[in-house]
*Asks:* 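Encoded as C-alpha cells, here's the structure I'll be asking about.
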Amino acid sequence: MNELLKREISLLPNKPGCYQMFDKDNNIIYVGKAKNLKKRVSQYFLRPQNGKTFSMVQSVDHFETIITKTEKEALILEMNLIKKHTPRYNILLMDDKHYPYIAISKRNEHPYLSISRNTNNKNFEYFGPYPSSSSCYQTIGIIDKLFKLRKCKTIPTKPCLYYHMHQCFGPCINKVSKETYDNEIKNISSFLNGNNKEIISNLNNLFDESMSNLDFEKAKEYKELLDSIKIINEKQQVEFLDNIDRDLIGFSTREGYVGIVFFIYRKGKLLSKRKFVYEIVDDLNEFVGNIILQYYENNIIPKEIDVFNKDLKNYISTFNDNLNVVYVTKGKVFDSSITIIDNAKEALDEHFLTARLEDNKLELLEKLGSILNIKTPFYIELFDNSHLNGTNAIGASIAFVNGEPYKKLYRKYNIESTVKNDDLSSMKEVLTRRYKRLKEENLKFPDLIILDGGENQLKIGLEVLKELGIHIDICALFKDNNHRTTGLLDENFNKIDIKNEKSLFFFLTRMQDEVHRFAISTHIKKRTKDMFKSIFDDVKGIGKVKKENLIKRYPTLKDLSTATLEELMQIIPKEAAKILLEKIKKLS
C-alpha cells in the first residue's frame with residue numbers, strides 16, 4: 001500500500017457514503033457503497049484478498065469518497081455511478097436480456113396480438129415473460145386458432161384466409177363492436193392466465209361431435225389444438241394455486257463465485273428461469289443483494305419476491321421499499337427452495353465446466369508442467385476420498401490423458417483401514433494400493449499425481465512413493481480459509497498461486513470436479529440417507545422436511561463441509577445453521 005493510500009485511509013470518516021477506486025491512469029475501476037466508509041475501505045487493504053478482489057486491490061492507485069446521509073442514499077448513488085462509469089470490476093448485468101411478452105393492444109380500434117421485449121407502452125396489456133420467442137409464437141399460434149382478433153398488421157381491403165377459416169372477425173369488411181372485442185380480449189386474457197379448462201372442454205365436445213359426424217379432418221384440427229394446449233400446460237409444471245405473480249430467488253457459492261437463479265412465476269405458473277454467475281466481491285449477502293436490486297431496475301417487479309435467507313431479505317428491503325420481499329420458511333413455496341438452490345449450483349457447475357473450453361488443452365498442460373518445473377504431464381491421475389462420519393468409506397482415482405478424462409483408468413477402492421474417517425490414512429491406503437499394483441504388474445505410471453488435500457496429503461503422497469521406491473511427479477491443490485481452491489503446492493511445498501491464471505484455474509477445477517463427482521457417486525451407492533441422522537437429529541430447527549432437504553442438497557459430509565452459513569440459511573434457521581457448521585467442523 002503506497003503512502004497516498006495510507007494517508008487517504010487515515011482521513012476517511014466513520015460515515016455512510018460511496019467510494020470510487022482509481023487506477024494509475026485515473027480510470028474508475030470500482031465503485032462501492034458503505035455504511036461506514038472508514039471500516040469498509042480499509043478492509044480492502046488490511047485484510048488478505050483472493051481472486052477478483054485481490055486483482056482489483058492490486059490495481060488501485062488512489063480513491064475518492066462521497067459522503068451521504070444514509071446507506072440507502074449511498075446505494076442509489078452507487079448504482080448511478082456504476083451506470084455512468086461502468087467500472088471494470090463492478091457487476092453489471094450486461095448479459096441481462098429482456099424475455100418476450102405477449103402483448104394485446106387495448107386502445108386500438110381493432111386490437112391485435114404481438115410480441116414485445118419491454119412493457120413500457122401503456123396501450124398494451126402484457127402476459128409473460130416467456131422463456132423464448134419460439135414459446136411466444138407457439139402460444140400466439142394457438143390463440144390465433146381459438147380467437148378472432150385480427151392477424152394482419154394493416155387492415156386489407158378484402159378478407160383473408162383467416163376470415164374464411166372463422167379465425168378472424170373480418171374488420172376489413174365487417175363493423176365489429178367494441179363490446180365484441182372487449183369480450184374476446186377478456187377470453188384471451190383468461191386463457192393466457194391459465195384458465196383453459198372451459199376451452200379444453202369445448203374442444204373435446206367439438207372433437208367428439210366431429211368424430212360422430214365422420215368429419216375426420218375437422219376432428220384432427222381439434223385434436224391438434226388440444227395437444228398444443230396440453231404441451232403448454234405441461235411446460236408450466238410447477239404451479240401455485242394462489243395465482244400470485246412472484247419471483248423465487250436462490251443462490252449457491254463455489255470457489256469464490258456465486259450462482260444466482262430467479263424462478264419467474266406469473267399467476268402461479270412457472271414461466272421462465274434466469275441465472276447469473278459472478279465472481280464474488282465483498283460480503284456475500286450484500287453482493288447477492290446488490291445484483292437482485294440491480295435486476296429489478298430493468299425488469300418487472302412482481303407482487304412478491306421470495307427468498308430463503310433472512311439476512312438477504314433484510315438487506316434488500318432496507319434499500320428498496322417498492323420490493324415486497326418475503327422470507328419463506330415453510331409451505332409449498334419453501335419446498336421449491338432446494339430445486340432453486342440446485343439450479344444455482346448447476347449454473348456454477350456449467351460455468352466451471354464450459355469456461356475456457358476453447359483453450360488449447362495441450363498448451364495448458366505445457367503451462368502446468370512449466371510452473372511445476374517438470375516435463376509436460378500428458379497423463380495425470382487425481383485422487384479423492386468420500387465417507388460419512390467414517391461409514392461406507394471409499395477412495396477414488398481418475399485419469400486425464402491429453403487433457404481429457406480417460407474412464408478406462410478410473411478406479412474405486414473400498415477403504416479397509418480401521419480408522420475410516422481419517423482422510424490421510426485413507427489416502428495413504430489408496431495411493432499404496434494403486435501404485436504398488438502398477439509397479440508389480442509393470443504398468444505405465446502417470447506423468448503427474450494431483451492430490452486435493454494440500455500440504456498434509458502431499459506429505460502422504462511423497463511418503464508412499466518413497467516407500468514403494470518409485471518416482472512420479474506429484475503436487476497438491478491447496479485452499480484458503482473459505483475452502484476455495486487457490487493454488488498448487490509442488491513437491492518441495494512451494495506455493496504457486498493460480499487464481500489469476502484463469503485458463504489453468506478452470507482447467508484444474510474441471511479435473512477436481514470430475515474426481516469429486518466420481519468419488520461421491522461411488523459413495524452414494526454404498527450408503528442410505530438415514531446415515532445423516534446422527535448429524536442432524538439434535539440440532540434444534542432441523543425437522544424431518546428440512547433434514548430431507550439438506551440431504552438432497554448435500555448428499556455427503558464433504559459436500560456439507562463446503563456450505564457457507566448464508567447458503568444453509570436458505571434451508572434452515574440461522575442458529576441451526578451455526579450449530580450444524582460447528583458440528584461439521586468438529587467432525588472434519
Side-chain angles (χ1 to χ4, degrees), residues 1-24 27-82 85 87-92 251 253-258 260 278-294 309 311-312 314-316 318-319 479-487 497 499-500 564-567 569 574 578 581:
M1 185 166 52
N2 62 45
E3 289 302 318
L4 176 60
L5 286 173
K6 288 180 181 179
R7 190 162 59 250
E8 287 177 342
I9 289 172
S10 68
L11 296 173
L12 284 170
N14 292 302
K15 293 182 178 181
C18 276
Y19 52 91
Q20 301 171 84
M21 303 290 195
F22 293 81
D23 64 14
K24 59 182 176 57
N27 297 312
I28 296 176
I29 60 174
Y30 186 72
V31 172
K33 65 106 178 71
K35 188 175 183 178
N36 184 313
L37 283 167
K38 190 177 189 71
K39 184 177 179 181
R40 169 53 66 86
V41 176
S42 61
Q43 285 175 350
Y44 286 109
F45 303 98
L46 301 179
R47 289 184 180 179
Q49 306 292 351
N50 293 295
K52 189 175 181 180
T53 310
F54 175 80
S55 178
M56 184 268 288
V57 171
Q58 291 291 99
S59 302
V60 174
D61 179 74
H62 61 282
F63 62 83
E64 294 178 0
T65 60
I66 303 172
I67 298 171
T68 59
K69 290 181 181 179
T70 64
E71 191 183 4
K72 187 172 182 178
E73 283 186 9
L75 176 73
I76 296 168
L77 176 59
E78 176 194 35
M79 289 192 170
N80 289 334
L81 290 171
I82 290 172
H85 299 290
R88 74 172 184 263
Y89 286 105
N90 278 104
I91 296 303
L92 291 156
F251 65 89
T253 60
R254 176 179 172 198
E255 306 290 356
Y257 286 75
V258 62
I260 305 169
Y278 293 112
E279 192 171 355
I280 299 168
V281 180
D282 291 337
D283 174 80
L284 178 59
N285 273 330
E286 288 191 22
F287 186 76
V288 173
N290 286 341
I291 291 173
I292 293 170
L293 289 166
Q294 193 178 149
N309 180 303
D311 289 349
L312 180 61
N314 292 338
Y315 182 82
I316 298 168
T318 300
F319 294 108
K479 303 177 186 293
D480 61 18
N481 293 331
N482 296 314
H483 298 283
R484 298 183 299 203
T485 298
T486 303
D497 194 333
K499 283 292 286 184
N500 294 319
T564 64
L565 178 66
E566 291 85 359
E567 283 183 86
M569 283 168 58
K574 187 173 185 176
K578 286 181 177 179
L581 286 174

*Asks:* Rounded to the nearest 0.5 Å, what's the gap from CG on Leu5 to CZ on Phe45? Could you check?
*Replies:* 5.0 Å
*Asks:* What is the minimum heavy-atom distance between Pro13 and Leu37, and which atoms define it?
*Replies:* O-CB, 3.7 Å
*Asks:* How far apart are the closest heavy atoms of Ala74 and Gly17, and which atoms are they?
*Replies:*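 Closest heavy-atom pair between Ala74 and Gly17: CB-O, 3.6 Å.
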*Asks:* Quick one: list whatever passes side chain to side chain contact (heavy atoms under 4.5 Å, CB included) with Gln20, sequence neighbours left out.
*Replies:*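 Once residues adjacent in sequence are excluded, the partners of Gln20 under the side chain to side chain contact (heavy atoms under 4.5 Å, CB included) criterion are Phe22, Ile28, Val31, Glu64, Ile66, Leu81, His85.
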*Asks:* Can you find a heavy atom in the side chain of Met21 that is under 4.5 Å from one in the side chain of Tyr44?
*Replies:*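 When only atoms from C-beta onward are counted, Tyr44 and Met21 do touch, with a gap below 4.5 Å.
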*Asks:* Could you tell me whether a side-chain N or O of Asn27 sits under 3.5 Å from a main-chain N or O of Ile29, the two making a donor and an acceptor?
*Replies:* no
*Asks:* Counting only heavy atoms not in Lys72, do more than 12 sit closer than 6.0 Å to its NZ atom?
*Replies:*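 Counting neighbours around NZ of Lys72, more than 12 heavy atoms of other residues, nucleotides or ligands fall under 6.0 Å, so yes.
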*Asks:* How about Glu71 and Thr318: do any of their side-chain heavy atoms sit closer than 4.5 Å?
*Replies:*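 Not touching, per the 4.5 Å side-chain cut-off.
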*Asks:* How would you list, by chain and number, every residue that makes a ring pair (Phe, Tyr, Trp, His ring centres under 6.0 Å) with Phe287, sequence neighbours excluded?
*Replies:*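 Ring pair (Phe, Tyr, Trp, His ring centres under 6.0 Å) list for Phe287, sorted by chain: empty.
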*Asks:* Quick test of your reading of the model: are Glu286 and Arg40 salt-bridged, counting only N-O distances below 4.0 Å?
*Replies:*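 The answer is yes: the pair qualifies as a salt bridge.
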*Asks:* Look up atom NZ in Lys38 and atom OH in Tyr19, then write down how far apart they are to the nearest 0.5 Å.
*Replies:*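 Atom-to-atom, Lys38:NZ and Tyr19:OH are 15.0 Å apart.
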*Asks:* Heavy-atom distance under 4.5 Å between the side chains of Asn14 and Lys39, does that happen here?
*Replies:*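 No, too far: nothing below the 4.5 Å cut-off.
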*Asks:* If we check side chain to side chain contact (heavy atoms under 4.5 Å, CB included) with Thr564, which of these qualifies: Leu581, Leu284, Val258?
*Replies:*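 Single side chain to side chain contact (heavy atoms under 4.5 Å, CB included) partner of Thr564 among Leu581, Leu284, Val258: Leu284.
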*Asks:* Can you check whether Phe251 reaches Asn309 side chain to side chain, under 4.5 Å on heavy atoms?
*Replies:* yes
*Asks:* Counting only heavy atoms from other residues, nucleotides and ligands, does the tally under 6.0 Å from NZ of Lys15 exceed 12?
*Replies:*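 Open.
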*Asks:* Got a donor-acceptor contact below 3.5 angstrom from the Lys479 side chain to the Thr486 backbone?
*Replies:* no
*Asks:* Any heavy-atom pair between the side chains of Glu8 and Val41 that's under 4.5 Å?
*Replies:*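 SC-SC contact between Val41 and Glu8 ruled out.
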*Asks:* Report the distance from atom CD1 of Ile291 to atom CD1 of Ile316, rounding to the nearest 0.5 Å.
*Replies:*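 Between atom CD1 of Ile291 and atom CD1 of Ile316 there are 10.5 Å.
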*Asks:* If I take atom CG from residue Asp311 and atom CG from residue Asp283, how far apart are they, to the nearest 0.5 angstrom?
*Replies:* 9.0 Å
*Asks:* Dump the intermediate steps for side-chain contact (heavy atoms from CB on, under 4.5 Å) on Glu566 and Thr253, then the final yes or no.
*Replies:* CA-CA 9 Å; Glu566 291 85 359; Thr253 60; over 6 Å; no
*Asks:* Phe63 and Leu12: side-chain contact (heavy atoms from CB on, under 4.5 Å), yes or no, with the steps?
*Replies:* CA-CA 11 Å; Phe63 62 83; Leu12 284 170; 3.7 Å; yes
*Asks:* Heavy atoms, side chains only, cut-off 4.5 Å: are Phe319 and Lys33 in contact?
*Replies:*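 The answer is yes; the side chains approach within 4.5 Å.
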*Asks:* Which heavy atom of Pro87 sits nearest a heavy atom of Tyr30, and at what distance?
*Replies:* CB-N, 3.6 Å
*Asks:* Could you check if a side-chain atom of Ile292 sits within less than 4.5 angstrom of a side-chain atom of Leu312, using non-hydrogen atoms only?
*Replies:* yes
*Asks:* Can you measure from CG (Leu565) to CE (Met569) and round to the nearest 0.5 angstrom?
*Replies:* 5.5 Å
